[in-house]
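All heavy atoms count here, side chains included; hydrogens, waters and symmetry mates do not. Values in this document were obtained by computation on a predicted structure and should not be read as measured data. Just so we're on the same page: letters track the sequence lines, and every chain starts at 1.
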Amino acid sequence: MSYIIGSDVVRYACTCGILKPISKLYFCRHCLEVRCGFCVCHEVDSHFCGKCAENLPSSEARLKKNRCGNCYDCPSCHQQLTTRAATVGPKNPEDPKATPRKVFYLLCLLCRWSSRDVGIPDQSAVSGGWPERENIHANRLQEIQDMYKGIVLLDKQQKLEKDKKKQRRYMSFTDRTGITASMLRKRVGLPDIPHPLLKPKPKEPEPAVAKEDVEELPEELLTKPVNLCEVTTMEQRLVQPEWQPITVEKLFPIHKQLSVKRSQRCRSCEHNVSKPEYNPNSIKFKIQLFACFHIPEVRIVTVEPLRAGKTCELLLKFSNPTQHQTVITFLPVTLEMEETKISEQVTEDKSVVDDYLLEKKQPLSLTGTGSQPSSLLHASLSRQPSITVKPRPIAVPVVADITIPTSTFILPPRDDAAEYDDSGDTHNIQDDSKLVIWRKSNKAVVKLQVTPKEDLKIGDEVVAGFTMQHIYVNTITTVDNKEPQKCEHKVKVFVTLGNLVGSE
Amino acid sequence: MTSRNTIKIHHGSIVCEESKLRGDITIGSNCIIHPSAAIIAEAGPIIIGDCCLIEEQAKIIHRLPFDQSDKENTPVLIIGSHNVFEVDCTVEACKIGDNNIFESKCYVGNKLTITNGCIIGAGCRLTEEQTLKDNTIVYGRSCQMREGLDRPVPQTLQMDTLSKMLPNYHHLRKPNKKNQ
Ligand SMILES: [Zn+2]
Ligand SMILES: [Zn+2]
Ligand SMILES: [Zn+2]
Ligand SMILES: [Zn+2]
């Protein structure tokens, strides 16, 4: 499947200007804009261990340095270690009643490294209680950490005092979320309890001392052949920065790094476009506004051999993923998108348009030019954007022209049962037979004319683009608008058609 | 070379009839050879030791490097005991010791000598001329090597199960040699 949807042959332009295949895009139903992983806010929802699926609160995860306490990775090849059981003879072999004991050791199933290799004693419990190693620099690191914590606190304190003088009228976003007891005390006018780490001047640890006499280069490095089975590789050293073992007998199991569940949030309206279920065992989503559920998918069926300056036929297949009928219109693609994009954003955020304009210093005349229909303006839904992303120009060399057809075509809604229905398609759609050459349930193949530019050389990659306008039915209901609303959504589509062949 | 197949099977071995055996092959006692495993003695005889497990689609081919093919005396490929050839491995090594494991889909070229207790990891491709030392473990995409502590444990349990199961569902070649 990934070779169809995961390939970069058909790419959609995200609102931010980056081109991505549809499988990597989100569609915010509130702004009606395409978003990608690059232009959404990523938030960590939860930390969990990928092996034992334990869920850790973020404070505990930070305390454990984002590692699981019970699971280990192989220090040799970084795969997961599994616990293996072995039976050994009883403690006192003279006793005839003694039963053989079970002991446990760690084994890597890929490179067969085992805890026995480095002489870690076998454990009598499954969960281990594997010996932890103490970092010899732990004290110094702690000192340095404390100093920086002190500096951060001092910084915050000074900032708060400065802000107090400024007299603020409203709360900022950080106050709403990151409020601490100390801040609250300050707000209601109580004297603050001094933080244990807060000192007038943070205590500085002893500075590092430069050393002149270093160890001699061991002679045998130059005289003896190196046994590569005994020295560790660069990866093996760097994966344990505290110890950086040089020889293989110093490799010790590594605590498994935790994974996170992320939710993605639209930066313009702060609604989630993707939110996974909290439970680490679940692979489902609470919110999944993936573009492939909302925007028609385009696939290349065939294209005639591409020759410079010659018109050839291009067959594209469109499929409608939504439960609503849609109409697709082709429009020419414009690469100079910046101005219009900003104006569209302005129309969307009409409620905050004044602040926005003052901030952005945009000429007022732009507000009227937005091409979006008025149904887009959910006054109650649009909020002030927290971060405004200025779209970048689309960086793709479009070297072929697509003749934009004047007629439009209809895509019926998706019907999962249609695949099992042998009675044939019963829809009566009047198609422009020059455009639509095949259709079945929610899919249609259209024929387009594409002309690579004259000045292309043989072997050049040919990319063509068009703007696809489709009718999108927004099912989000607002207080003053209970009906699903129809609107026209435009997205730029770029197709990589292959390489130019010799002209006849 | 020879169109005639000379297959000698020692007592206690389970050799499925569908397995592809070509050339002069001697199989030790208590071996298990699955159907559709292939042993091809092209350049000379193959002698397999005791208790070897040769799984489905495994290919053991005795083929000489091009620069040695014109020698007069025919070389013999000797495979030791307790070796495991896992599913779809291709082994052309010119000498194999005891207690080795060739994991699934690995490839061992004909310039290699395998000693004892080696593990060739799944999917690893070894083609360069070399001798693998005792207890060498080859693993991963870039065929990293490390030295194991000990020989891998023999798969006795698996062999026991197979020797009970296989005769129920497959026709077997009759052992034609008494143990010495
Ligand atoms: Zn984007
Ligand atoms: Zn864990
Ligand atoms: Zn490992
Ligand atoms: Zn949004």
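- Considering CD of Gln236(A) and CZ of Arg146(B), their distance stands at 9.0 Å, rounded to 0.5 Å.
- No side-chain heavy atom of Tyr139(B) sits under 4.5 Å from any side-chain heavy atom of Cys108(A).
- Annotation for Lys105(B): atom NZ does not count as buried by contact number, only 12 or fewer foreign heavy atoms lying within 6.0 Å.
- Within a 6.0 Å sphere centred on CG of Leu157(B), heavy atoms belonging to other residues, nucleotides or ligands number 12 at most.
- Remark: Lys20(B) NZ is loosely packed, at most 12 non-hydrogen atoms of other residues, nucleotides or ligands lying under 6.0 Å away.
- A distance of 11.5 Å separates CG in Leu228(A) from CD in Gln144(B), rounded to the nearest 0.5 Å.
- Considering Asn135(B), Ile101(B), Leu149(B) as possible partners of Arg112(A), the one that fulfils the side-chain contact (heavy atoms from CB on, under 4.5 Å) test is Ile101(B).
- For Thr233(A), no part lies under 4.5 angstrom from a heavy atom of chain B.
- Counting non-hydrogen atoms of other residues, nucleotides and ligands closer than 6.0 Å to NZ of Lys261(A) gives a total above 12.
- Around the NZ atom of Lys64(A), the shell of radius 6.0 Å holds more than 12 heavy atoms that belong to other residues, nucleotides or ligands.
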